[in-house]
Amino acid sequence: MQRHISDQVAGRKKGFISKSLCITELICSADMATGVKMGVVCGLYGGAVTNLGSPEQVEKLYVPVTELAFTGMFAMTERGHGSNVRGILTEAHYDPSTQEFVIHTPCENAQKMYIGNAMKGNYAAVFAQLMINGECHGPHCFIVPIRDQNGVMCLGVTAIDMEHKEGLHGVDNGILIFDHVRIPRENLLHKFGSVSADGQYSSPIQSKGSRFNAMLAALTPTRLALTVQAMAAMKLGLIIAVRYSHSRRQFGPKNQDEVKIIEHQTQYLRLMPHLAAVLALTFTTRHTAGLMDEALCQGQDLQSNRPLQALVAGLKAYSTWANVACLQECRECTGGMGFMMENRIPSLKCDSDVFVTFEGDNMVMLQVVVRELLSQYSRQIGKSMVSGLIKSWTSYASDSLRTSFPSFFVDKVGDLSFLLKALSYRERVLQRSLAARLYTKVDKNKEEFFSAWNSCLHHVTGLALAHIHRVTLEQFALAVQECQVNEDQALLKKFCLLHGTSLVYQERGWYLEHNYLSTGASRQIRSQLLELCRSVKDDALKVVSDFNMPPCCIQAPIAGVPNSRAPWGFYPQPESPIPQPQSQQRATSKL
Ligand SMILES: CCCCCCCCCCCCC/C=C/C(=O)SCCNC(=O)CCNC(=O)[C@H](O)C(C)(C)COP(=O)(O)OP(=O)(O)OC[C@H]1O[C@@H](n2cnc3c(N)ncnc32)[C@H](O)[C@@H]1OP(=O)(O)O
Ligand SMILES: Cc1cc2nc3c(=O)[nH]c(=O)nc-3n(C[C@H](O)[C@H](O)[C@H](O)COP(=O)(O)OP(=O)(O)OC[C@H]3O[C@@H](n4cnc5c(N)ncnc54)[C@H](O)[C@@H]3O)c2cc1C
C-alpha cells in the first residue's frame, strides 16, 4: 500500500488510478470506515496536495504521509456552506510583513464541519477565501497544522468531536475552528494561484470561475473511488442475499419439499436488476479509471478535463443511489436474518447511506453533469441553432430526432441495439428540450439564470441520469464484446440485456408519452424483464462468487461465512439440506 501511494506521488505510474481502485474496493469491502478514513487521508488530503500543490509541496506535505510520519484531513465544508463551496467564509489574510497567511473563522457559519480525521490528524487541507489587502481572490487551499505527533493541539486551533453518526463509526468527524492561526506563505497550495513575498497574486488561469473549478477538480479521483466503494457495498449485499436465497426455503407445492426462496418470482425480480447494475458499474468505472490514467499519463491535469469531471460526478450520484436501493432490497430479501447485525447488511446500509451526500451531494453532482452536457451541446450546434430549435421544438423532437433513431423500424423490441438506441434517444430529447427551455427562459424572456435553471431541475436531473444510464449500458456492451471466454460472454450478455431492459422499463412512461414505445412494445419490455430475471437467477450464484470477494470481507453467516465479530451466528451453508429446528446446529454449540 505504501509503495503504491508513493507511485501516486511519483507522477502517476501507468495504470495508477485503475490499480488504486482495486485496492480501494478491497479495503472498503473489509470495512467501509477504513476505506473512508484512507480516502480522507490519501484521497482527499493527498489529492489536494498532489493536484493543487507544486512538486516541492508534494515532497514536503504528502510524501511523509506515505511514510506514515503524519496524517492529513480535508476541510472544505462549513456549517453554513457544504455544496456551495464558493460561499465558504473561512478567511486566509496575507501578511506581507511576516510573509504569512492568517487563517481565521470569522463566525459560527464559517466553522469547518464533519471533517474526517479531525480528532486525530496532524495537518488539514483547509479551503479558505484568499484575501490580500482586502481583495478576495476566491477559495484556495492551505495546509494548516492541527496537532503535533504527540496529539498536542496547535496554537489557535480548536477541534470538537461531532460524535454520534448513523454509520462509519470508525471515522472521527469533527468541527475545526481557527482563531487567527498563522501559517508560512509556502503553505498555500499554489499550482493555480500564488502570492509573492510582497503580496502580489498571480494565477495561470485567468477566469475566476475556471480557477475555482480547478480547485475542485482535486475531488474527482475520490469521487470515482467512492463509486467503487458504493459498488463494494452492493456486491457484498448481493453476495449475501443471493447465497441466502439459494439456501433458505419457504413454501412449496403441496406435499413436496419447500422451495428455495430464489424460486419466488418476486425474489429474483427484486435482486437480479441490481446484480446487472453492479456489473454495469464495474465495467464503467474501469473505463473511467482508464480515461483518468490516460489523461494523467499524457501529463493532462484533471482540472482541464470537464467531460471527465462530469462523467465521474454522474457515476458518483448513480452508483451511490443504486447502492442504497440495492442494500434495501437485499435487506428485505433476507427477511429477519437480514436485519441481524451479524449478517452485515444493516451495517453496510448505515455506513454507505451517507455516500449520496458527501463527496458532493448527488443532486448537485447531477447538475455538474448537465452543465457539461449543455456546454458541449452549445459548442456543437452554436447558439443560433438553439434559437432555431425553439421555433418547432415539439415537432422537432418527435419527427427529426426519431428519424435519427429509427429503432422501432429496424431493431427488434428488446434487442440490445434497440435498448441502446432507446437510451440515446431519451438522452438527446432531454438534452435538446432542456437547451430550448433554458434558451427561451434566459435569452428570450430574460429570466435570471438561477431561477430559470431552478425551475428546470427536474428536467436537469432526468437528463443527467439518462446520460449515465446510456454510458453504463454502452460500457457493459463493450465489455461483453471484449470478453474472451465464451461461457462468461454468454452470461454477461444476458445480464447486459437485463440492465438495458431494466433501464428502459423504469422509464416506460416517458417512452409512451413520447410515442417511442407502443403499448405493445412496453408490454414486451416488461415480459422480457421478467423472463431475463428468471433465466439468470441460478447463474447469479456464479456471478457473485466471481466477484472474488475474500471470505474475510463477507463476514455473514447466512452467506455461509462466519462473522468473526459475531460468533453467535446461524450458519446455513448455501445448498445446505433444509435445516430442521432440532437439527439446527448452532456453530457456537461449544459455547
Ligand atoms: C487508497 C485508498 C482510498 C480509499 C478511497 C475510499 C473512497 C473515497 C472516500 C472519500 C472520503 C469521503 C469523506 C467526505 C469528504 C467530503 O465530503 S469532502 C467535501 C465534498 N464537497 C463537495 O464535493 C462540494 C460540492 N460542490 C462542488 O463541487 C462545487 O461547489 C460545485 C457545486 C460543482 C460548484 O458549482 P458552482 O459554484 O456553480 O461553480 P461551477 O459549476 O464549477 O462553475 C464555475 C464556473 O465554471 C462554469 N462552468 C461550470 N461547468 C462548466 C462546464 N461544464 N463547461 C464550461 N464552464 C462551466 C460556470 O458557468 C462558472 O462560470 P462563471 O459563472 O463564469 O464563474
Ligand atoms: C459522515 C460525513 C463525513 C464528511 N466528511 C467531510 C470531510 O472530510 N471534509 C469535508 O470538507 N466535508 C465532509 N463532509 C461534508 C459533506 O461534504 C457535505 O455534507 C456535503 O457536501 C453536502 O453539504 P451539506 O451537508 O451542507 O448539505 P447542503 O448543501 O446544505 O444540501 C442540503 C440539501 O439541499 C439540497 N441542495 C443544495 N444545493 C442544491 C442545489 N443547488 N440544487 C438542488 N438541491 C440542492 C441538497 O440536495 C440536499 O438535499 C462530510 C459529511 C458527512 C455526513
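The structure presented is a predicted model; accordingly, all values stated were derived computationally and were not measured. Numbering starts at 1 and runs along the sequence shown. Both ligands and their constituent atoms are indexed starting at 1 by order of listing. Any value given below was found using the heavy atoms of this structure, including those in side chains, with hydrogens, waters and symmetry copies removed.
- Looking at heavy atoms from C-beta onward, Trp453 lies in side-chain contact with Gln367 at the 4.5 angstrom threshold.
- Heavy atoms of Leu44 found under 4.0 angstrom from ligand 1 belong exclusively to the side chain.
- The shortest separation from a heavy atom of Leu219 to ligand 1 is under 4.0 Å, placing the residue in contact.
- Using a non-hydrogen distance threshold of 4.0 Å, Met73 does not register as a contact of ligand 2.
- The protein heavy-atom contact nearest to atom 24 (P) of ligand 2 is Gly82 CA, 4.0 Å.
- Annotation: atom 53 (C) of ligand 2 to nearest protein heavy atom, Val354 CG2, 3.4 Å.
- Heavy atoms of Asn454 found under 4.0 angstrom from ligand 2: none, in either backbone or side chain.
- Here's the thing with Arg86: one of its N/O atoms is less than 3.5 angstrom from an N/O atom of ligand 1.
- Residue contacts with ligand 1 for Tyr114 are absent, since no atom lies close enough (heavy atoms, distance under 4.0 Å).
- Within 6.0 Å of NZ in Lys120 there are 12 or fewer heavy atoms belonging to other residues, nucleotides or ligands.
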Using distance only, find each side-chain donor-acceptor pair of residues 129-142 under 3.5 Å and give its atom names and separation, not counting sequence neighbours.
residue	atom	partner	partner atom	Å
Gln129	NE2	Arg86	O	3.0
Gln129	NE2	Ile88	O	2.9
His140	ND1	Gly138	O	2.9
His140	NE2	Tyr201	OH	2.6

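- Put simply, no part of Gly43 is less than 4.0 Å from ligand 1, judged by heavy atoms.
- Residues Thr90 and Lys112 form a side-chain contact, since some pair of their non-hydrogen atoms from C-beta on lies under 4.5 Å apart.
- Distance from atom 20 (C) of ligand 2 to its nearest protein heavy atom, with residue and atom name: Thr357 O, 3.5 Å.
- Classification of the Tyr45-Phe70 ring pair by plane angle, with boundaries at 30° and 60°, yields perpendicular.
- Contact of the Leu26 side chain with the Pro550 side chain is registered, since non-hydrogen atoms from C-beta on lie closer than 4.5 Å.
- For the pair Ile146 and Cys154, the minimum side-chain heavy-atom distance is 4.5 Å or more.
- Looking at Met76 against ligand 1, only its side chain comes within 4.0 Å, counting heavy atoms.
- Look at Glu372 and Arg379 and you find a salt bridge, because one of the NZ, NE, NH1 or NH2 atoms lies within 4.0 Å of a carboxylate O, short of that distance.
- Expressed to the nearest 0.5 Å, how far CG of Leu238 lies from CG of Leu327 amounts to 8.0 Å.
- Side-chain contact between Phe355 and Val36 is present, with heavy atoms from C-beta onward closer than 4.5 Å.
- Taking distance alone, with nitrogen or oxygen atoms compared against 3.5 Å, Val40 stays at or beyond that limit from ligand 2.
- When the heavy-atom distances from atom 10 (C) of ligand 1 to Gln367, Glu359, Glu372 are ranked, the shortest goes to Glu359.
- Distances between N or O atoms of Tyr114 and those of ligand 2 include at least one value under 3.5 Å.
- With a 4.5 Å cut-off on side-chain heavy atoms, Leu374 and Leu438 count as touching.
- The shell of residues lying under 4.0 angstrom from ligand 2, judged by heavy atoms, includes Asn173.
- Comment: Lys60 does not engage Glu186 in a salt bridge, judged by the lack of any side-chain N to carboxylate O separation of less than 4.0 angstrom.
- Close contacts of ligand 2 with Met76, meaning ligand atoms under 4.0 Å from a residue heavy atom, involve 11 (O).
- A salt bridge between Arg426 and Glu507 is present, with a side-chain N of the basic residue lying under 4.0 Å from a carboxylate O of the acidic one.
- Annotation: atom 13 (C) of ligand 2 to nearest protein heavy atom, Thr77 OG1, 3.8 Å.
- Looking at Val85 against ligand 1, both its backbone and its side chain come within 4.0 Å, counting heavy atoms.
- Taking 4.0 Å as the cut-off, Ser83 counts as a neighbour of ligand 1 on heavy-atom distance.
- Atom 9 (N) of ligand 2 has its closest protein heavy atom at Phe74 O, 2.8 Å.
- Minimum heavy-atom separation, Asn51 to Pro221: ND2-CG, 4.4 Å.
- Residues Lys441 and Cys456 form a side-chain contact, since some pair of their non-hydrogen atoms from C-beta on lies under 4.5 Å apart.
- The closest approach between a heavy atom of Gly82 and any atom of ligand 1 is below 4.0 Å.
- Counting heavy atoms from C-beta on, the side chains of Asn117 and Lys37 come closer than 4.5 Å.
- For atom 39 (C) of ligand 2, the closest non-hydrogen atom on the protein side is Val364 CG2, 3.9 Å.
- Few gaps surround CZ on Phe449; more than 12 heavy atoms of other groups in view lie less than 6.0 Å from it.
- Nearest to atom 28 (P) of ligand 2 among the protein's heavy atoms is Ser83 OG, 3.8 Å.
- Residue Arg223 places a heavy atom under 4.0 Å from ligand 1.
- Looking at atom 43 (C) of ligand 2, its nearest protein heavy atom turns out to be Gln367 NE2, 3.5 Å.
- In terms of polar-atom proximity, defined here as any N/O pair under 3.5 Å, Lys165 makes no such contact with ligand 2.
- Atoms of ligand 1 lying under 4.0 Å from at least one heavy atom of Val364, given by number and element, are 32 (C).
- Taking a cut-off of under 4.0 Å to the non-hydrogen atoms of Gly39, the atoms of ligand 1 that pass are 4 (C), 5 (C).
- Between Met363 and ligand 2, no pair of N/O atoms sits closer than 3.5 Å.
- Contacts between Arg371 and ligand 1, counted as non-hydrogen atom pairs separated by less than 4.0 Å, involve both the backbone and the side chain.
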